[in-house]
Visitor: 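Got a structure for you, written out below as structure tokens; questions coming shortly.
Both ligands and their constituent atoms are indexed starting at 1 by order of listing.
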Amino acid sequence: MDAINPATGERIATYEPDSAADVEDALTRADEAFDDWRDRPIREREELLADAADVLRENKRDYAELMTEEMGKPISQAISEVEKCAWVCDHYAEHASAYLQPDGHPSPPGADVQTVYEPLGPVLAVMPWNFPFWQVFRFAAPYLTAGNVGLLKHASNVPGCAEAIEDVFRQAGYPEGVFQTLLIDSDSVDDVLADDRVRAATLTGSGPAGRAVAATAGENLKKTVLELGGSDPFVALDGADLDEAAETGAWARNLNGGQSCIAAKRFVVHTDVYDAFVDRLVDEVESLTVGDPTDEDTEVGPQASPDLMADLHEQVQQSVDAGATVLTGGGPMDREGAFYEPTVLADVPEGCPADSEELFGPVAAVFEVDDEDAAIEKANDTEFGLGASVWTEDRERGRRVARQIDAGCTYVNQLVKSDPRVPFGGVGISGYGRELSEAGIKEFVNRKTLWVE
Ligand code: NDP
């Protein structure tokens with residue numbers, strides 16, 4: 001497995017993938033570790049998680065630099081990502097036992113009936129490269145603390161991050177086998193998932209990867225959580241604070257080089273404010289600092305690989321061929337590395353890629369609508385359903401519109417973001433199940449009824 005720096009095209013390191021025997025050893029270790037780990041007091045598991053948060057904070061700069069090298073994330077955003085990982089660890093270190101307290105029920109006379117929450121066993125996590133630390137800690141912090149053990153199959157372009165994350169848990173003092181990285185390619189996932197010792201799987205990534213993992217899990221009757229792509233609407237209504245909306249919208253689209261499932265992708269704009277909003281959006285997009293991701297001032301770095309950039313450009317070209325207008329940007333930058341110009345497309349025809357597919361890069365598509373009902377209709381005119389953002393100074397109107405958008409979350413006057421305290425996940429082809437908060441920690445537990453007379 002080669003780790004290639006997308007800003008320079010240089011090979012950073014080559015990793016030897018795990019052999020079948022290595023994977024077998026890891027599965028045995030996971031299985032044995034679970035026997036002990038599940039019976040430890042939850043307080044002990046919380047304390048270890050707090051120690052993992054300390055390891056993250058102590059080595060923040062090193063982990064951030066690794067992400068920047070392997071997938072091109074601007075260093076300031078990489079540092080924030082490590083801090084957020086420490087936050088999710090702090091969160092579950094503080095709240096896991098409360099979240100997993102047994103729940104009482106109205107009990108028949110003479111009986112005491114409760115739901116208790118018990119871990120399932122080894123959970124396979126198939127994770128993507130876009131937030132190479134955060135996506136992993138989002139699953140590991142709750143699931144390990146609930147008493148499961150973790151097996152990480154990370155994206156093939158971030159092997160250094162995958163190994164560094166395993167090392168975080170080792171340094172924090174986790175017992176051997178509680179969290180392991182498998183350096184395997186996607187073709188090997190089926191065999192691991194079909195193994196009896198693996199009890200469940202979580203995947204964050206593309207639709208095809210999600211369908212493949214869900215199909216194998218289904219054949220083997222294993223629970224899955226899927227967090228797939230999105231094509232989030234960003235709805236600017238008449239009466240929105242346009243300066244704030246445009247500034248936040250440009251950032252919500254271009255953060256992490258636009259490679260985020262919850263990025264604002266389709267800008268749905270009321271006709272009364274269309275010209276004013278779009279002018280501001282283009283100004284904001286053009287003012288972004290694109291460049292060397294190791295530079296603290298860089299806001300937009302390269303795409304994670306030349307192939308991913310080529311796919312993105314193909315979607316843009318097809319949209320332009322179908323009739324979309326390029327307001328700014330529109331192609332790869334004339335420089336070394338996988339740099340794509342922050343782009344705004346208008347007059348986007350129905351059914352072209354910028355309308356109907358996920359654009360996983362710094363390309364905003366703008367749509368003009370006549371009224372509030374048309375805005376809701378356009379926002380919902382997608383098979384995806386991850387997040388949405390609605391902008392209006394009338395908060396009640398915002399609440400009303402937000403309730404009519406089919407998505408796992410809708411934010412009013414705020415960009416869509418994940419937060420350890422609130423559930424995160426989608427509907428439609430954006431996936432199912434929830435991560436984070438109490439909902440997340442309860443995804444991979446046996447909700448066991450305990451009836452005592
Ligand atoms: P993938 O979905 O292909 O990769 C995500 C993870 O799934 C990786 O670990 C990958 O392994 C693994 N994987 C891929 N195919 C399979 C399979 N058939 N069975 C089991 N595991 C599999 O994302 P890409 O990197 O190819 O990105 C393509 C597109 O996916 C993006 O343009 C974007 O639209 C979407 N995406 C969405 C993300 C999100 O946050 N929701 C994150 C990343 C991508 P390997 O790397 O070895 O192939």
Visitor: Output yes when E358 and K265 qualify as a salt bridge under the 4.0 Å nitrogen-oxygen rule, no when they do not.
Guide: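 Salt bridge flag = yes for K265 with E358.
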Visitor: Under the side-chain contact (heavy atoms from CB on, under 4.5 Å) rule, collect the residues that match up with I4, sequence neighbours excluded.
Guide: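 I4 satisfies side-chain contact (heavy atoms from CB on, under 4.5 Å) with D2, R11 once adjacent residues are dropped.
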Visitor: What's the verdict on side-chain hydrogen bond (donor to acceptor under 3.5 Å, both in side chains) for T181 and K153, showing C-alpha distance, side-chain angles and the deciding distance?
Guide: CA-CA 6 Å; T181 285; K153 180 272 179 278; over 6 Å; no
Visitor: Distance under 4.0 Å, heavy atoms only, partner ligand 1: which residues pass?
Guide: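 Within 4.0 Å of ligand 1, the protein residues are V126, M127, P128, W129, N130, Q135, K153, H154, A155, S156, S186, V189, T204, G205, S206, A209, A212, V213, E227, L228, G229, C261, L308, E358, F360.
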Visitor: Taking side-chain contact (heavy atoms from CB on, under 4.5 Å) as the test, write out the residues that go with L228, two or more places apart.
Guide: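 Testing L228 for side-chain contact (heavy atoms from CB on, under 4.5 Å), a comparison that skips the adjacent residues, returns L203, L226.
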Visitor: Tabulate below the donor-acceptor pairs under 3.5 Å that side-chain atoms of residues 423-430 make, not counting sequence neighbours, or state none.
Guide:
residue: S430; atom: OG; partner: G229; partner atom: O; Å: 2.7
residue: S430; atom: OG; partner: G385; partner atom: N; Å: 2.8
residue: S430; atom: OG; partner: L386; partner atom: N; Å: 3.3

Visitor: Do Q180 and E166 meet the criterion of a side-chain donor-acceptor pair at a distance under 3.5 Å?
Guide: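 No pair is found: no donor N or O on one side chain lies under 3.5 Å from an acceptor on the other.
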